[in-house]
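What follows is a short report on a single structure.
Note that this is a predicted model, so its numbers are computed, not measured. The sequence lines fix the lettering, A, B, ..., with proteins before strands; numbering per chain opens at 1. What's counted below: heavy atoms across the whole structure, side chains too, no hydrogens, waters or symmetry copies.
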Number of protein chains: 2
Amino acid sequence: MADPALDVPAPDVPEPGAPGSSEDPRGVHSAADIATAWQRERPGAPTESIEIVTPIWWLGKLFADDRDRALRAAGIDAATLDLLSVIRRSGPPYALSTREIACRTLVTAGAISQRVARAERDGLVVRRPGTTGRRSVLVCLTAEGHALIERSVDTVLGREARLVRGLSDQERTVLAGLLVKLMADVRRRTGR
Amino acid sequence: MADPALDVPAPDVPEPGAPGSSEDPRGVHSAADIATAWQRERPGAPTESIEIVTPIWWLGKLFADDRDRALRAAGIDAATLDLLSVIRRSGPPYALSTREIACRTLVTAGAISQRVARAERDGLVVRRPGTTGRRSVLVCLTAEGHALIERSVDTVLGREARLVRGLSDQERTVLAGLLVKLMADVRRRTGR
DNA sequence: TGAGTTACGTTTAGATCTAAACGTAACTCA
DNA sequence: TGAGTTACGTTTAGATCTAAACGTAACTCA
């Protein structure tokens with residue numbers, strides 16, 4: 001998966017006097033720079049999405065990378081935590097079919113099948129034949145799997161809470177509201 | 001990479017009378033539901049990040065999946081487009097070292113090396129020994145690579161513009177501002 | 001009632017990524 | 001001046017994902 005925010009062309013004639021004046025010290029352009037540059041290169045191009053899509057993608061990657069590092073140190077991995085969590089959130093009796101898990105995590109059923117196989121091998125879940133539907137298989141948390149989530153939660157949440165501390169309570173509320181609205185709309189438009 | 005927003009436990013005693021009343025028809029809980037549920041399960045847990053991190057990660061995935069589908073139909077792939085774009089944005093003479101590309105795309109140098117090898121095989125870039133630094137290699141766009149970006153831009157931008165159309169101009173401006181602020185802060189805290 | 005269809009989970013082939021190990025060239029400095 | 005260090009790009013091993021092909025069990029319906 002690569003950056004979904006289309007990258008940027010730079011001005012055709014960069015000022016030698018003020019090189020990178022609006023740039024990050026590491027040479028990373030801001031989303032606004034990107035949109036402006038595409039406007040200059042292709043006037044009339046529909047660039048209004050760049051300021052939204054680029055930072056969302058970068059932030060997602062920054063959050064994920066940070067969490068991956070923290071979890072690796074704890075001997076867990078994000079895919080497994082995600083699997084256990086989605087079952088946990090489904091409520092008692094803490095069991096979900098493969099298909100449902102795939103739907104709730106935006107991951108393919110094949111990938112879920114592999115995640116479940118790994119987690120079962122590690123004693124975190126067990127598979128049982130389901131009662132409903134055609135050939136459903138229920139994936140159930142074991143006591144060990146249940147305990148693993150409980151142990152990991154505070155670490156991950158605490159870490160993420162520190163990362164969003166730069167925004168005030170009010171800013172976070174406004175941001176969350178806009179994100180939820182956008183997500184509902186995107187899901188409708190993409191049919192997912 | 002799995003969902004970095006910690007998933008949610010459901011209430012221990014789900015109301016049978018109103019099952020999933022605040023849920024998405026597909027069974028996906030909203031970020032607010034997730035935070036509320038963790039508060040109930042683990043009172044005092046630092047859940048303030050969930051409303052931010054969860055939708056960001058989901059939106060990133062929705063945007064990426066949609067773009068991947070569109071690009072596949074056009075016979076390109078997102079990783080290659082990302083590579084070509086970052087070189088394009090660096091401005092004339094459209095050449096960047098592997099190290100710089102890795103830094104600007106949040107991808108490891110090894111992955112860039114592989115992307116460049118694929119793109120070179122396809123005639124989209126060429127590698128040339130660099131003049132500066134120790135052993136730098138400049139990755140340069142070919143005419144074909146340059147043309148490929150130009151052809152792909154409008155398609156991808158148009159697609160993404162439609163996806164964010166649910167937000168008004170003002171809402172997009174506010175959202176973009178908050179995202180930029182948050183991103184600067186997260187980068188500072190994670191050192192990236 | 002039995003052929004066809006549908007709805008699942010699993011397996012396989014192939015792509016791509018990360019982390020770590022390498023291999024070198026270019027600096028440093030006693 | 002030459003051993004050690006540093007800064008790169010590349011290769012390798014291993015993990016994981018997607019898409020597509022499978023294999024079945026459970027429905028449908030003439």
Side-chain angles (χ1 to χ4, degrees), chain A residues 1-4 60-62 64-73 75-83 95-103 105-122 125-140 192, chain B residues 1-4 60-62 64-73 75-83 95-103 105-122 125-140 192:
Chain A
M1 189 159 61
D3 191 332
K61 184 141 178 56
L62 290 171
D65 286 353
D66 183 71
R67 194 177 76 145
D68 288 346
R69 277 193 297 274
L71 288 179
R72 182 159 352 99
I76 319 163
D77 75 281
T80 300
L81 192 67
D82 192 33
L83 171 69
L96 231 41
S97 74
T98 295
R99 185 71 40 179
E100 287 172 311
I101 295 171
C103 175
T105 55
L106 287 188
V107 161
T108 62
I112 293 299
S113 188
Q114 295 172 45
R115 286 185 184 183
V116 170
R118 294 195 296 271
E120 188 167 42
R121 180 200 61 199
D122 295 340
V125 300
V126 292
R127 276 182 272 209
R128 289 201 306 241
T131 53
T132 67
R134 292 162 189 277
R135 261 176 72 70
S136 75
V137 170
L138 281 181
V139 183
C140 314
R192 297 192 68 178
Chain B
M1 190 159 58
D3 190 332
K61 184 140 178 55
L62 290 170
D65 285 353
D66 183 73
R67 194 176 76 145
D68 287 346
R69 277 194 298 275
L71 288 179
R72 182 159 353 99
I76 319 163
D77 75 282
T80 300
L81 192 67
D82 193 32
L83 170 69
L96 232 41
S97 74
T98 295
R99 186 69 43 179
E100 288 172 311
I101 295 172
C103 174
T105 55
L106 287 187
V107 161
T108 63
I112 293 300
S113 188
Q114 295 171 45
R115 286 185 184 183
V116 170
R118 294 195 297 272
E120 188 168 43
R121 179 200 62 199
D122 295 340
V125 301
V126 292
R127 277 183 271 211
R128 288 200 307 238
T131 54
T132 67
R134 291 162 188 278
R135 261 175 72 69
S136 75
V137 169
L138 282 181
V139 182
C140 314
R192 297 192 68 180

Separation of [N] [atom2] from [X] [atom1] (nearest whole Å):
{"X": "B:R115", "N": "D:dT11", "atom1": "CZ", "atom2": "P", "result": "17 Å"}
{"X": "B:I112", "N": "D:dG9", "atom1": "CD1", "atom2": "P", "result": "10 Å"}
{"X": "A:I101", "N": "C:dC8", "atom1": "CD1", "atom2": "P", "result": "14 Å"}
{"X": "A:R99", "N": "C:dC8", "atom1": "CZ", "atom2": "C1'", "result": "6 Å"}
{"X": "B:D82", "N": "C:dA15", "atom1": "CG", "atom2": "P", "result": "20 Å"}
{"X": "A:E120", "N": "C:dG9", "atom1": "CD", "atom2": "P", "result": "14 Å"}
{"X": "B:D122", "N": "C:dA15", "atom1": "CG", "atom2": "P", "result": "12 Å"}
{"X": "B:R121", "N": "C:dA15", "atom1": "CZ", "atom2": "P", "result": "9 Å"}

I'd like to know if B:D65 pairs up with B:K61 as an ion pair, taking the criterion as any Lys NZ or Arg NE/NH1/NH2 lying under 4.0 Å from an Asp or Glu carboxylate oxygen. yes
Within a strict 4.5 Å, meaning less than it, do heavy atoms of the B:L106 and A:L62 side chains meet? yes
Taking the side chain as every heavy atom from C-beta outward, state whether B:L83 and B:R118 have any pair of such atoms under 4.5 Å apart. no
Does a side-chain N or O from [X] land closer than 4.0 Å to OP1 or OP2 of [N], or not?
{"X": "A:R118", "N": "D:dC17", "result": "yes"}
{"X": "A:S113", "N": "C:dT11", "result": "no"}
{"X": "B:S97", "N": "D:dC8", "result": "no"}
{"X": "B:R127", "N": "D:dG9", "result": "no"}

Which heavy-atom pair separates A:L71 from A:D77 by the least distance, and what is that distance? CD1-C, 4.1 Å
Between B:L138 and B:S97, which heavy-atom pair has the shortest distance, and what is it? CD2-N, 3.9 Å
So, using side chain to side chain contact (heavy atoms under 4.5 Å, CB included) as the criterion, who are the partners of B:R128 when residues are at least two apart? B:C140
With A:A117 via side chain to side chain contact (heavy atoms under 4.5 Å, CB included) - residues at least two apart: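 Checked A:A117 against side chain to side chain contact (heavy atoms under 4.5 Å, CB included); matches are A:R127.
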Give each stem of DNA chain C as a range with a range, requiring at least 3 consecutive Watson-Crick or G-U wobble pairs whose two distances are under 3.5 Å.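 Listed by first number, the stems are C:1-30 with D:1-30.
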For the side chain of B:K61, starting at C-beta, report the closest nucleotide among D:dC17, C:dC17, D:dT18.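 So the nucleotide nearest the side chain must be D:dT18.
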Consider the side chain of A:D77, meaning its heavy atoms from C-beta on, and name the nucleotide among D:dT16, C:dT18, D:dT18 that approaches it most closely. D:dT16
Touch check for B:T98, heavy atoms < 4.0 angstrom, all strands: base, sugar-phosphate only, or nothing?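 If one applies the 4.0 Å heavy-atom cut-off, B:T98 turns out to touch the sugar-phosphate alone, with no base involved.
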